[in-house]
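Here is the structure we will look at.
If you're wondering where the values come from, they're calculated on a predicted model, not measured in any experiment. The figures here come from the full heavy-atom set of this structure, side chains too, leaving out hydrogens, waters and symmetry mates. Numbers restart at 1 for each chain; the letters A, B, ... are given by sequence-line order, proteins then strands.
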Protein chains: 2
Amino acid sequence: MDVTMKDVAKLAGVSLSTVSRVLNDSSLVREETAHKVKKAVKKLDYQINDSARILRTNTSNLIGVIGAGMERPFLANLLKGIEAEAREKGFALIYGDSDGEFEKEQNYLNIMKQKKIDGIILITTNYYNDLLNIVKNYQIPVVFASGYISDPEIPCVTVDNVAAAYDVVDYLTRAGHKEIAFIKGPDLDLLASQERLRGVKLALRIAQLPYNSGRFIEGDFTFESGYSAAEKIMRKFPKITAIFAFNDEMAVGAIRYLKENGYQIPDDIAVVGFDGIELGKYTLPTLTTIEQSGYQLGLKSIELLDKIIAEEELEDNKVFIPHKLVVRESINKLSAKELASIKNKEVLVTNN
Amino acid sequence: MDVTMKDVAKLAGVSLSTVSRVLNDSSLVREETAHKVKKAVKKLDYQINDSARILRTNTSNLIGVIGAGMERPFLANLLKGIEAEAREKGFALIYGDSDGEFEKEQNYLNIMKQKKIDGIILITTNYYNDLLNIVKNYQIPVVFASGYISDPEIPCVTVDNVAAAYDVVDYLTRAGHKEIAFIKGPDLDLLASQERLRGVKLALRIAQLPYNSGRFIEGDFTFESGYSAAEKIMRKFPKITAIFAFNDEMAVGAIRYLKENGYQIPDDIAVVGFDGIELGKYTLPTLTTIEQSGYQLGLKSIELLDKIIAEEELEDNKVFIPHKLVVRESINKLSAKELASIKNKEVLVTNN
DNA sequence: TTGTACGCGTTATCAA
DNA sequence: TTGATAACGCGTACAA
């Protein structure tokens, strides 16, 4: 059996309660006594039994994370940010992948509830409405970290997908592109994808370009799907001059297809991605994209969740992380003059 | 307060122990009684209190994972494999990132011990010797999943890095490359990197080529480090005809540098990576690499750990996952004849 | 086949 | 400033 507080108490010659007080930094204990106890703790290499403490206090310092497709670079960084900030705030992480299946999500939700998690971060989104009901019912503090949730009660952290997608199309149209095709996400999937779609539509309307649903090819955020989407696009719409993929991996897949088939990028076809993953700086051509930080997203999610757990007053339960359009080699730059007309929107232009 | 067994017992009109028996599928309970209890459980939406159960049974169905750099594609897939198989086997995951720092590793080890994890998977390796001592001392079942641990007591799952690296250099030398440079991992880092180094040395010796430590440039597994390593290499060793990077990201970074500076790949410089991440199929040229499955690695790790936890007899506590040399566009292929001479080593040659 | 009673290791309450 | 004792919710030996 492991060392318990009892052993520590005996060795230090004090009572259980005193040991407990020392361990919890209670002020009502004489320094001398505290010292004795600490010595005993060290000597026995005592480790607290978390289960007993949780049983008694009903708080676990555990945060649950349910995600899907977390192997994607952007989301892997999100997880990293979550982990780092959670550790910082004294939480441990219990992590489950739902594969985007509602049943698995429910399942993990149950497991996590049984473990008395203090809060939960949801990165999976397919069935977020159903999920929300369960979570609300469970009364566990929750933060969504993969899109804007309109329900005013639900806290979420996200990039402004609508604005970001708008920026992309705005830039492209100002650069003279009139025939643009899009590689979107699975219809059932990420909220983010739907929001990006909204941003695109908005920008098209403002540029007085027609909206043609046929030009939105569905991908699943993988390289492979970007590759085959590009193939479909070029076959169906040979007059296309630009492709906007809703994430960087699909954009890279599309670039591979285009170059393989003799298209010059950006001169024949301009390509834009979304997310700003590291890879985009090392492709040839380098990738124009919307840069957002997954790490930041994770960090902010924990920050928000922590406040909710601590029942602090929130300024706002909808948090946006910054994004920038980073213009690299995969599209032609706007001239300084053209650029000036949108300068106010803080579009970053760089070769980096 | 949450629903407890007491509430269930009351509603079902039975005793606490009966409820417990039903929940644990004990056979000593009449079907009729069990049915009543199950109905009550469902009606109250009863969830077991895990802390209480762990406190009582001292087993948590929790597996700890301590890793570093898990945002890298290969390791992200490893984590995915771990998660999937752990769920399959009824374990939940508690995950911590050590950033490769010993202090954080210790810290997580303590936290996990307090949570009474049933076993632990270590993917971080810098200080594995020190870690091993702690883990041994803690008496927690452990599996290493990032390299071969020579200590016969320590179970590990890994690709055969020595053989894989050997295969790469063997192929290159047979293809006529005599001037090869290498981008290795940080000296302090991954065991895997050190093992790959051994494989390289072995192959050089057998090919009767000189070993020149200056030709091993240190990277840190990022695109960026591959890029700058390639720059150093071409500056210092202009006669180089091949570069072998110890992971795919560095290889892609190197390719970017080379193409940016007018080198033809593979004709001027051949490039080989390691890991077989998805991206390698979509670069231009596509990347020759050692393909190993991070997902498999994770899966096998949990499989092994599960057996250890269940105290099953092990066939072997050192498990190797398969690897293949996948020859793509970034190097020139061997002729059929040349190939035949190494056919016995099951080198896969493909364009895929 | 079911119920009673105790203990797991901690924290909280109360009294000293 | 400290100690005794009762809970927290569950599993299990034992009795019925």
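Closest-nucleotide positions on DNA chain D for B:S17 and B:L55 were compared, and the one nearer the 5' end corresponds to B:L55. A residue-by-residue look at B:T57 and A:E31 shows that A:E31 has its nearest nucleotide of DNA chain D further toward the 5' end.
Across all strands, B:I54 comes closer than 4.0 Å to no nucleic acid atom at all (heavy-atom distances). Within the nucleic acid shown, A:M5 comes within 4.0 Å of at least one base atom, counting heavy atoms only. Residue B:S51 is classed as having no contact, given no heavy-atom separation below 4.0 Å to the nucleic acid. If you check every strand for non-hydrogen atoms under 4.0 Å, B:L23 touches nothing. Counting any heavy atom pair closer than 4.0 Å across all strands shown, A:D50 reaches no nucleic acid atom.
When distances are taken from the side chain of A:A52 to each of D:dT12, C:dT2, C:dG9, the shortest belongs to C:dG9.
Around atom NZ of B:K307, no more than 12 heavy atoms belonging to other residues, nucleotides or ligands sit under 6.0 Å away. Other residues, nucleotides and ligands contribute more than 12 heavy atoms inside 6.0 Å of the NZ atom of A:K104.
An OP1 or OP2 oxygen of C:dT10 is reached within less than 4.0 angstrom by a side-chain nitrogen or oxygen of A:Y46. Distances shown here put every side-chain N or O of A:N58 at or beyond 4.0 Å from the OP1 or OP2 atom of D:dC8. Using a 4.0 Å cut-off, some side-chain N or O of A:R30 falls inside it from OP1 or OP2 of D:dT2. In this model, the phosphate group of C:dT2 is not approached by any side-chain N or O of B:S15 to a distance below 4.0 Å at OP1 or OP2.
Protein atom CZ of A:R53 is 12 Å distant from nucleotide atom C1' of C:dG9, rounded to whole Å. Distance NZ (A:K36) to C1' (D:dT1): 12 Å, rounded to an integer number of Å. One atom, NZ of A:K10, and another, C1' of D:dT2, lie 19 Å apart when rounded to the nearest Å. Rounded to an integer number of Å, the gap from B:R56 CZ to D:dC10 C1' is 7 Å. One can place CG of A:D2 at 13 Å from P of C:dC8, the figure rounded to the nearest angstrom.
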Exercise. Between A:Q47 and B:N110, does a side-chain hydrogen bond (donor to acceptor under 3.5 Å, both in side chains) hold up when you go through it step by step?
Worked result: CA-CA 7 Å; A:Q47 304 271 3; B:N110 283 338; 2.9 Å; yes
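A donor-acceptor contact under 3.5 Å links the side chain of B:R21 to the base of C:dG3.
By the ring-ring contact (aromatic ring centres under 6.0 Å, His included) test, B:Y138 pairs with no residue at all, sequence neighbours left out.
Distance alone, capped at 3.5 Å, is enough to place a donor-acceptor pair between the A:D7 side chain and the A:T4 backbone.
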